[in-house]
A.B. asks: 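Questions regarding the structure given below will be posed in turn.
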Amino acid sequence: MARVTVARLGLAAGAALALTLAGAAQAQTPTAPPAPAPTPAGPPKPQLTVAQRMQLESIGEVVSLPGGRFVFEQLPPYRERIGYGIDDARAGARVMVLDPGAKAPRPLFRPDPKRGYEIIGVAPSGGRLVVRITAMEGTPTAAVVDVATGRLTPLQYAPYGDFEDAGVTWLSDDTLAYSVAPADRDPVIVARLRPAAADTLRREWSAAFEGKRTTADVLRSRPAAEPATPKPGQLVVADARTGRGSVASEGLLLNLRAAPSRSFVAGMRRGGLPANSTSEFRPVVGQRDLMVAGVSGPQAGKSWLPCADCDVLPETVIWDAAQDQLYFYARKPGQGWEHGSYYRYTPGTAAAEPIDAQGQNLAGWIYFYTPGSGEEKKAYAPIPLAGGIAVPIEVEAPVHDVAAIVAAGPYAPPAPVKIRWVLLKPGAAPRTISGDLKTMSPMPIAFTPKALYVVADGKVWRLSPDADPVNLTPGAAMVIAAQPLRHGGTPPLLAPSQHGGDVAGSPDKAGLALVQRMTGMTREYGYLDLDGGAFTSLGVVPMEERVVAASGGPAVVIRGDGDGVALSRLEGGAKQPPFLRLNTFLSGVGWPKSQQIRYKLDGHDLQACVTTDPAAKDLSKRPIVVYLYPLVRGGCSMGAPGGPSFTTALGVPEVYSPEFLAGLGYTVVFPAAPAELVSTHDEALAGFSKLIDVAVDEAGKEGLGDASRVGLFGISQGGFSVLKTLTESGRYKAAVAGWSASDYASDFASFGPVRGILKTIWSDGRRMWYPNNALAAHSVPWEDPDWYVRSSSYFNSAKITTPLLMVQSDLDANFPMNQFDELFTALYIQHKDVDYVRYWGEGHGLTSPANIEDFAARVKAFFAEKLGPGDR
């Protein structure tokens, strides 16, 4: 049984917003590389055009299989993808396999050019894959692919559409379990909304007109005392050899985890709204019940709610391999996350048993947000250890250091932070097992039933209940080399993984962890023997390259830069020649340059990333465009200095990014907007203009732009940040806001296109997500309507004096189009200077090449008119 590592690299154009915007929040690597030696100046290269962006290719999943074989998704040039009716993120994708010793990859199977393919699961041995298949018509399907033969076996039931959430968990090499939606409900994807908007509604309306059936859509509400009905859906267990399956449990289960015995599957059953008062607003967001279903043996067909009156954090659900027990973190109705507890559950028993922490602060890494406090944390899974669980607690650090550690992911914490790993057992006193170690990662690189392994002080340590911490790397500074895999809380293990999901199993050689050590401009990857501490080098690569797949043998490294994308093997102590190159035309393209500036506001040390055209003769005369997004810490973290973002090199046709705006000839300032400075209990995003102005003024002082000609640009949460800023200040000459909200009260209660067209299981009510984003709503509209009036740009539209370009799409499931319809109506009546562009058949962002090109042209023309041309 071989451990499989999966890395997701490809993104839909709309989803690329998340990667671009999150980039500024990511912490820098612990050791900044020295500046490269200056090169002789030559004639400036042309900027990347929108037409060239449409020719970018990209890489999706990269999967490492036993014996040195790799499988990955290769997406064709963006303009050649078929998007209508197909999940655009994988439209036209080919599943490629690189055999041991081969110089070039080959297709694993012959793809249908009118279908899209996505790897969504890997068998424990790596001998089979599950792929999702989308087509021009009909709902998505799925098939099992035999890696040895390339044969596709369709699954009888298609998995639920939200695969990142639902997942596929393997019970053996021949058996898998996954969630399915009811036959009359469709997955929530824009690709399905497009044909549904035209074909489904036409059929429904025609049938009603002919007197065959009504189009009535009935929603119901019941008193809180009535138990919430589980959302429809089923857990299916299928034979990977035949594709045939059977229903194992009712209720839609997501975030699946298979028990080590493979007799049970745990997952989240979406519940209804909480019965407790709406005054405790945070629990309104996605209450989830944990369910355990029997899938084989005498308990097959039975299911249990381990904690019937609990709200469970999915990221913390984990199985104990030694005892076949389940651990999780949950809170009771009316509690905040900081008052929750860890629980232990044995399948088949009546209820889970709370673990008494005896006063220990268990909320050290539990995500929760308190309006106005800046308190924001993230959950990591507990680690089963010696009949109990090990958890990281009592993080002694300011919130910005905590956020940096969370954002840093695989890297050592950038500042000294004290974390205590504590062993909790029912009926026993908590025991600290981490000694006096500092600068510790909150996620281990590996664990066994008797020990866990962490990076602290740049070394790898073994922590166990019966011994002091043991330094396994006394002579080498090392950090974790892999991001957590798809299921939240799953550590980047190469040692035996004891919980289910699509990454179950063990490596070719058990007891190894993939680690790296960095020296100057290079990083060395290798495997660390967790028993003896021996380090076996895979090879040394430049800092801009990273491993994306490894399973104990050769690894795959990827490089994305100004020369395109290259994938190479890393084995035998060295990197082999690339086996795949994409987007090589990028070598003839000029790239904006990014640099950090630092400044202060109200006693806070802040920073911004400034992106400019290196060919500009006098930056001080360039107009400034401020790129807005809330809850980011600022700084430049994407791409090498003077090079493209990793996203662009991978093939995402970014026209929402600072890089794109800088390519138009503007100085782009991406300022810090930490939670403690933009969210208050009294008003959402109050004072955002102060954060912008101090960053712009600093850029002007340093000669990087003209601080008298400033425009704003924001997408998604950045969009409502732009709109709120415009109600505070008239300093700005132009603003672009896209795919966002303006009236938070109406947005709170809007169903949007998903409910209106598909009548999907996703939403029998509004998402009600405000407590988890930058708005930080503390109550519902009917309890504090004044907060919604003060915070919404719609109710404050009279204060907007800046010329505005608004952009929205009809199928945006995040922000319904009525949000910008309302604001445009208000601005139109007041004779404000505003253009409102609505794209039809698009979701949260753009995916159609014609619309991407149109949006880019409109942004360029709008800023040129209002700010003055930014071209050289």
Side-chain angles (χ1 to χ4, degrees), residues 19-38 398 400-401 403-409 411-415 518 520-521 543-544 561-562 591-614 616 619-620 622 624-648 654 657-663 666-678 688 690-707 710 712-714 718:
L19 182 55
T20 301
L21 301 175
Q26 293 177 357
Q28 303 300 298
T29 53
T31 304
H400 67 271
D401 288 336
I405 295 173
V406 172
Y411 302 113
M518 295 178 288
M521 294 291 290
M543 283 293 295
E544 58 268 23
D561 56 19
W591 297 102
K593 180 178 69 174
S594 295
Q595 64 187 86
Q596 292 184 167
I597 59 173
R598 300 182 184 277
Y599 47 92
K600 291 182 178 289
L601 175 64
D602 298 336
H604 293 265
D605 293 320
L606 302 174
Q607 60 184 355
C609 186
V610 179
T611 306
T612 58
D613 180 354
L619 287 175
S620 65
R622 289 291 178 96
I624 293 176
V625 174
V626 182
Y627 193 95
L628 287 188
Y629 203 77
L631 309 187
V632 297
R633 293 284 160 185
C636 307
S637 61
M638 296 195 68
S645 73
F646 198 67
T647 308
T648 295
E654 288 276 350
S657 64
E659 177 187 282
F660 165 71
L661 296 170
Y666 298 101
T667 290
V668 184
V669 176
F670 193 169
E676 60 268 28
L677 296 182
V678 300
F688 215 133
K690 293 172 59 178
L691 285 166
I692 296 171
D693 291 346
V694 67
V696 166
D697 291 341
E698 182 63 27
K701 291 177 184 177
E702 297 191 19
L704 298 176
D706 182 355
V710 182
L712 305 181
F713 182 96

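Quantities reported herein were computed from a predicted structural model and do not represent experimental measurements. Throughout, residue positions are numbered sequentially from 1 according to the sequence presented. Atom set for the values below is all heavy atoms of this structure, side chains included, hydrogens, waters and symmetry mates excluded.
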A.B. asks: Which pair of heavy atoms, one from F688 and one from A673, lies closest together, and at what distance?
C.D. replies: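 Nearest pair, atom of F688 first, then A673: CZ-CB, 3.7 Å.
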
A.B. asks: What heavy-atom pair brings P592 and P614 nearest, and what distance separates the two atoms?
C.D. replies: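 Smallest heavy-atom distance, with atoms named: CA-CD, 3.7 Å.
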
A.B. asks: Within this structure, what is the CZ-CD distance for the pair R598 and Q607, rounded to the nearest 0.5 Å?
C.D. replies: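 Rounded to the nearest 0.5 Å, the CZ-CD separation comes to 4.5 Å.
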
A.B. asks: Hey, could you give me the OH/CG distance between Y666 and D613, rounded to the nearest 0.5 Å?
C.D. replies: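 Y666 OH to D613 CG: 12.5 Å, rounded to 0.5 Å.
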
A.B. asks: Under the criterion side-chain contact (heavy atoms from CB on, under 4.5 Å), I'd like the reasoning laid out for Y599 against D697: C-alpha separation, chi angles, the key distance, then a yes or no.
C.D. replies: CA-CA 10 Å; Y599 47 92; D697 291 341; over 6 Å; no

A.B. asks: Which heavy atom of A672 sits nearest to which heavy atom of L691, and what is that distance?
C.D. replies: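 For A672 versus L691, the nearest heavy atoms are O-CD2, 3.9 Å.
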
A.B. asks: How many angstroms lie between atom CG of L601 and atom CG of L606, to the nearest 0.5 angstrom?
C.D. replies: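 Those atoms lie 6.0 Å apart.
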
A.B. asks: Could you tell me which non-hydrogen atom of P671 sits nearest to which non-hydrogen atom of A608, and how far apart they are?
C.D. replies: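 Here P671 and A608 meet closest at CA-CB, 3.6 Å.
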
A.B. asks: When you check the side-chain N and O atoms of S594 and T611, is any donor under 3.5 Å from an acceptor?
C.D. replies: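 Yes, side-chain donor-acceptor contact under 3.5 Å.
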
A.B. asks: Picking from V626, V668, T612, V669, what satisfies side-chain contact (heavy atoms from CB on, under 4.5 Å) with P658?
C.D. replies: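 Result: among V626, V668, T612, V669, V668 is the only option passing the side-chain contact (heavy atoms from CB on, under 4.5 Å) with P658.
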
A.B. asks: I need the L619 CG to I624 CD1 distance, nearest 0.5 Å.
C.D. replies: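 One gets 10.0 Å once the value is rounded to the nearest 0.5 Å.
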
A.B. asks: Taking the side chain as every heavy atom from C-beta outward, state whether Y627 and C609 have any atom pair closer than 4.5 Å.
C.D. replies: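 Contact flag for Y627/C609 side chains = no.
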
A.B. asks: Sequence neighbours left out, what passes side chain to side chain donor-acceptor pair (under 3.5 Å) with K690? Give chain and number order.
C.D. replies: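 In terms of side chain to side chain donor-acceptor pair (under 3.5 Å), with neighbours along the sequence ignored, K690 is linked to D602.
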
A.B. asks: Has the side chain of T667 got a donor or acceptor atom that lies under 3.5 Å from a matching backbone atom of L704?
C.D. replies: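 Checked: pair present.
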
A.B. asks: Show the numbers, then the answer: is there a side-chain contact (heavy atoms from CB on, under 4.5 Å) between I597 and E702?
C.D. replies: CA-CA 9 Å; I597 59 173; E702 297 191 19; 3.4 Å; yes

